[in-house]
Amino acid sequence: MADAKKVNPNAPTSEEVLAVRHFTDKTFSFSITRPASFRFRSGEFIMLGLMGEVKGKVKPILRAYSVASPSWDDKLDFYSIKVDDGPLTSKLQHIKIGDHVLLGRKPVGTLVCDAVLPGKRLFMFSTGTGIAPFASLIRDPEVYEKYDQIILTHTCREVGELAYGFERVDAARNDPLVGEIIGDRLTHIASVTREDYKLTGRITDLLESGELFKRVPGGAIDPKHDRAMICGSMDMTMDTKAIMEKFGLGEGSNAKPGEFVIEKAFVG
Ligand code: A2P
């Protein structure tokens, strides 16, 4: 069979767009079909994209995207920024229901239950589109089996950018599968840094001033029973990691679970 066409088992699959929602002029969310064989752990990311022209050649343009829906859902949700001159998101922001996108086959990531030790409280610190993996995790029953209290923080420059987080937390609370399990165990703290709002300030400042702990059940972070996941820009991730270490938490990985894990939010 010398001339049989070789099928690349790692090639992305083509998935249909089921829904698109524009949140701000800088962000949008979309849902796509999920291949029956696609398995992932809530909190992981995957390569996703479109065919495009790069230096005169048509080829897949793929970027890492956190899956924003839980592992039990039959579709896949994503949350993306729009970069006008971005090779992928300049085009991806125009997708419509019925269009197709390319989906990689190998989900990976460290913002997963397996990489964090059990405990009483799990903090999820996010900025911007870094909230996406937590939108997945807050709808996963495993999270509530492993931790009593979940504290999700989301900090953005402007109030309008917080809308996606409010919508996802609301969806989790009203979810037929996990809504009842969640009850009063999920605390959502939203803050902005470049506009007036009821809570202002970077998450790093809210942690260091103790302002955050006035708003969450259980007070300041204690390494004995508190755990954390961090997802934002490289600077935010590194600065928040340093604060976790000051509180006495040690970093974990898939190979060796620890008290906290980090992942840089991806830019399309
Ligand atoms: P700020 O407005 O003070 O820069 P970005 O869009 O740049 O990723 O920022 C998203 C949010 O993350 C903004 O509220 C921003 O605050 C905040 N941020 C940026 N850098 C850091 C950092 N090193 N530590 C904590 N928060 C940060």
Side-chain angles (χ1 to χ4, degrees), residues 21-30 43 45 48 63-68 78-90 92-93 109-111 122-138 151-169 187-216 220-221 226-249 251 259-268:
R21 191 153 160 216
H22 293 268
F23 277 85
T24 67
D25 56 355
K26 286 185 229 136
T27 59
F28 70 110
S29 68
F30 56 97
F45 65 89
L48 183 142
R63 296 287 180 271
Y65 273 91
S66 289
V67 182
F78 299 93
Y79 184 46
S80 179
I81 52 164
K82 305 174 190 178
V83 184
D84 286 337
D85 57 358
L88 177 61
T89 62
S90 61
L92 194 65
Q93 62 179 288
T110 49
L111 301 178
L122 176 63
F123 287 82
M124 300 173 172
F125 299 115
S126 70
T127 55
T129 55
I131 194 172
F134 303 139
S136 167
L137 283 158
I138 60 170
I151 295 132
L152 167 66
T153 80
H154 189 209
T155 306
C156 295
R157 296 179 181 199
E158 293 165 13
V159 177
E161 297 168 77
L162 298 175
Y164 176 80
F166 281 106
E167 203 250 10
R168 289 293 86 208
V169 167
T187 307
H188 176 206
I189 308 280
S191 74
V192 297
T193 48
R194 302 198 189 187
E195 266 185 355
D196 274 348
Y197 189 57
K198 57 186 175 190
L199 182 62
T200 55
R202 289 181 168 196
I203 187 59
T204 41
D205 295 336
L206 298 173
L207 279 163
E208 287 189 314
S209 66
E211 277 303 314
L212 179 72
F213 304 122
K214 294 181 190 164
R215 290 167 171 81
V216 302
I221 289 180
D226 286 330
R227 310 290 176 247
M229 294 179 167
I230 306 168
C231 191
S233 64
M234 182 60 96
D235 286 351
M236 175 277 188
T237 308
M238 287 304 139
D239 291 352
T240 312
K241 167 184 153 111
I243 295 174
M244 291 304 109
E245 286 169 345
K246 267 200 253 168
F247 276 115
L249 277 63
E251 187 174 352
E259 281 100 18
F260 78 93
V261 284
I262 63 171
E263 205 139 76
K264 185 169 70 65
F266 306 102
V267 177

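Nothing here was measured: the structure is a model prediction, and the numbers come from that model. Indexing begins at 1, ligand by ligand and atom by atom, following the structure's order.
Of all atoms in ligand 1, numbered sequentially from 1 with element shown, those under 4.0 Å from a heavy atom of D235 are 23 (N). Every atom of ligand 1 is numbered from 1 in the order shown, and the set under 4.0 Å from a heavy atom of T204 is 24 (N), 25 (C). Close approach of ligand 1 to T155 (heavy-atom distance below 4.0 Å) involves ligand atoms 11 (C), 14 (O). Close approach to D239 involves these atoms of ligand 1, each under 4.0 Å from a residue heavy atom: 22 (C), 23 (N), 24 (N).
Residue R202 holds the heavy atom nearest to atom 27 (C) of ligand 1 of all those in R157, R202, K26. Of the candidates T127, D205, T237, it is T127 that places a heavy atom closest to atom 12 (O) of ligand 1.
A 4.5 Å side-chain heavy-atom check between M238 and I262 finds at least one atom pair inside the cut-off.
Side chain of S126 to backbone of T153: a donor-acceptor contact under 3.5 angstrom is found. Put simply, the side chain of S90 never gets that close to the backbone of D85: no donor and acceptor are under 3.5 Å apart. Formation of a donor-acceptor pair under 3.5 Å by the S136 side chain with backbone atoms of G43 is found in this model. Of the possible donor and acceptor atoms, one in the side chain of T89 sits under 3.5 Å from a partner among the backbone N and O of V83.
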(request) Could you check L111 against F45 for side-chain contact (heavy atoms from CB on, under 4.5 Å), going step by step and ending with a plain yes or no? (result) CA-CA 9 Å; L111 301 178; F45 65 89; over 6 Å; no
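Here the heavy atom of the protein found nearest to atom 13 (C) of ligand 1 is T193 OG1, 3.5 Å. Here the heavy atom of the protein found nearest to atom 8 (O) of ligand 1 is S233 CB, 3.9 Å.
The side chain of R194, and not its backbone, has at least one atom closer than 4.0 Å to an atom of ligand 1 (non-hydrogen atoms only; side chain from C-beta on). Under 4.0 Å from ligand 1, the heavy atoms of C156 that appear belong solely to its backbone.
Atoms OG1 and CZ, on T204 and F125 in that order, are 10.5 Å from each other to the nearest 0.5 Å.
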